[in-house]
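All remarks here apply to the structure that follows.
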Amino acid sequence: MRLVTWNVNSLRARLPRVLEFLAEHAPDVLCLQETKTDPSAFPHDELAAAGYVAADHSGGRWAGVAVVARSELGVSDATSGLPGEPVEDEARWVEATVGGTLRVASVYVPNGRELASEWYAQKLDFFDAMAKRVGQLRDDADGTPLPLVVAGDMNVAPADLDVYDPAAFLDVTHTSEPERAALRAVVDAGLLDAYRVLHPDEVGYTWWDYRQGHFHRGLGMRIDLTLVSPELAQRLTRVGIERDYRKGSKPSDHVPLVAEWA
DNA sequence: ATGCCGTCGCACCGACGA
């Protein structure tokens, strides 16, 4: 199984790069964030022509998430919205079952803006709701663990290793301790950070600011994560960051994160 | 203290992003 998460920063603007990626990497599942599209404009036809189906939660000009899967696998039992999320209808969470057994959630965690803001408080609340949801999804009614993936833009760099200059990121969003603790609570509800499972000490960024040549200067952060249930974590064979997709024509400011398991 | 860059829309600026 090859599963990818990618914040595309507008699916309309990025569709050529997305189709290029599907052709080059042939993922089984692609979790998208910041699709920034109206539901009626979601490119179901273009994806179908490439051999994919999608469960999308599209909210118009902001946010928007989707779970895309190879047509043979299919998506079923899709649900939009995170139970208990602080602001409803922001299109930040969508779940679907892929291939009949794998539950996949694509998530776009709120930015948080400033530490002393209502948006920051809502970001922490969103993580709380995520942790509760993971607790609901991780086992079946008999307590048997289920295969589960929560992938997306967490808008938090989990550790100083995931930030180009930790000293420049004191007491700001994406690195503050309450955010990191809130993200850890999601993981502690029953998941593992797939990239860190296979690359415990490696620096690997998934986002670089468009401005001031940050990409070419190596100034990035690892804020896109694929969180997997323990049994899937044991089967991981490769977790890689496709940083070349930050180059070329009209790139997103995020790159795809690929996870594979046997 | 602000813009840098990119995207969107009741659009030629402002909001938002991280």
Side-chain angles (χ1 to χ4, degrees), chain A residues 5-18 31-43 56-66 85-87 89-93 106-127 130 151-180 182-183 195 203-225 241 243 245-257:
Chain A
T5 184
W6 191 8
N7 179 324
V8 291
N9 184 19
S10 169
L11 185 51
R12 181 165 70 174
R14 218 64 61 212
L15 190 59
R17 301 302 301 266
V18 171
C31 296
L32 297 173
Q33 301 87 37
E34 283 207 86
T35 52
K36 292 187 173 178
T37 184
D38 195 73
S40 62
F42 191 91
D56 75 301
H57 184 20
S58 300
R61 69 183 296 192
W62 304 121
V65 287
E85 63 187 341
V87 183
D89 303 323
E90 281 196 326
R92 296 183 178 278
W93 178 276
S106 177
V107 60
Y108 174 49
V109 173
N111 173 292
R113 305 192 198 183
E114 308 289 333
L115 294 196
S117 72
E118 61 184 295
W119 296 281
Y120 181 78
Q122 289 166 1
K123 182 179 190 175
L124 298 181
D125 291 344
F126 191 94
F127 277 121
M130 277 179 65
D153 179 356
M154 306 298 166
N155 266 324
V156 172
D160 283 351
L161 184 63
D162 302 310
V163 185
Y164 66 89
D165 183 2
F169 282 86
L170 295 174
D171 297 324
V172 295
T173 57
H174 298 70
T175 56
S176 75
E177 184 48 36
E179 289 166 80
R180 286 177 166 172
L183 174 60
Y195 183 78
V203 173
Y205 302 140
T206 63
W207 170 87
W208 298 260
D209 200 310
Y210 281 121
R211 294 167 285 189
Q212 296 184 319
H214 274 204
F215 176 66
H216 299 286
R217 294 160 61 197
L219 309 180
M221 291 201 284
R222 189 175 73 95
I223 56 177
D224 301 273
L225 306 184
I241 296 168
R243 69 185 299 283
Y245 275 79
R246 188 62 177 75
K247 307 174 185 173
S249 174
K250 287 176 74 74
S252 173
D253 45 355
H254 299 249
V255 291
L257 172 67

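Predicted model, so just to flag it, every value in this text is computed and none were measured.
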Interatomic distance, Asn9(A) CG vs dG17(B) P [rounded to whole Å]
11 Å
Assign Phe215(A) to base, sugar-phosphate, or nothing according to its heavy-atom contacts below 4.0 angstrom with the strands shown.
nothing
Separation of atom CG in Asn7(A) from atom P in dC16(B), rounded to whole Å:
17 Å
Rounding to an integer number of angstrom, what distance separates dA1(B) and dC13(B) when you compare their P atoms?
27 Å
For Gly112(A) and for Ser10(A), find the nucleotide of DNA chain B with the closest heavy atom, then tell me which residue's nucleotide is more 5'.
Ser10(A)
Looking only at side-chain atoms of Lys250(A), point me to the closest of dG9(B), dT7(B), dA18(B).
dT7(B)
Please give, in whole Å, the distance from dG17(B) P to Tyr210(A) OH?
15 Å
Rounded to whole angstroms, how far apart are OH on Tyr108(A) and C1' on dA18(B)?
8 Å
Taking the P atom in each of dA11(B) and dA15(B), what is the distance between them to the nearest angstrom?
15 Å
Heavy atoms from C-beta onward define the side chain here; which of dA15(B), dG6(B), dA18(B) lies closest to that of Lys36(A)?
dG6(B)
I'd like the P distance from dC10(B) over to dC16(B), given in whole Å.
15 Å
Nearest-Å distance, CZ (Arg92(A)) to C1' (dA18(B))?
12 Å
Pair Phe215(A) and Tyr205(A), ring centroids less than 6.0 Å apart:
no
Under 4.0 Å, counting only non-hydrogen atoms across every strand here, what does Asp209(A) touch: a base, just sugar-phosphate, or nothing?
nothing
Please tell me whether Asn111(A) and Lys123(A) have a donor and an acceptor in their side chains that are separated by less than 3.5 angstrom.
no
Under 4.0 Å, heavy atoms only, any strand: does Trp207(A) hit a base, just the sugar-phosphate, or nothing?
sugar-phosphate
With a 4.5 Å heavy-atom cut-off, do Val107(A) and Met154(A) have their side chains touching?
yes
OP1 or OP2 of dA18(B) sitting under 4.0 Å from any side-chain N/O of His254(A)?
yes
Which is true for Asp153(A) with a 4.0 Å heavy-atom rule: it touches a base, it touches only sugar-phosphate, or it touches nothing?
sugar-phosphate
Could you pick out which residue, Pro110(A) or Arg61(A), lies toward the 5' side of DNA chain B when each is mapped onto its nearest nucleotide?
Arg61(A)
Taking only side-chain N and O atoms of Arg14(A), does any of them lie within less than 4.0 angstrom of OP1 or OP2 on dT7(B)?
yes
What's the gap between dT2(B) and dC12(B) when it is taken at their P atoms, as a whole Å value?
23 Å
Please state how far atom CD in Glu34(A) lies from atom C1' in dC5(B), giving the value in whole angstrom units.
14 Å
Salt bridge between Asp160(A) and Arg180(A), side-chain N to carboxylate O under 4.0 Å?
yes
OP1, OP2 of dC8(B) versus side-chain N and O of Arg12(A): anything below 4.0 Å?
yes
Is a side-chain donor-acceptor pair under 3.5 Å present for Thr206(A) with Tyr195(A)?
no
Stepwise, does the side-chain contact (heavy atoms from CB on, under 4.5 Å) test hold for Tyr245(A) with Arg17(A)?
CA-CA 8 Å; Tyr245(A) 275 79; Arg17(A) 301 302 301 266; 3.8 Å; yes
Separation of atom CG in Asn111(A) from atom C1' in dG6(B), rounded to whole Å
15 Å
Between C1' of dT7(B) and CZ of Arg211(A), the distance in whole Å
13 Å
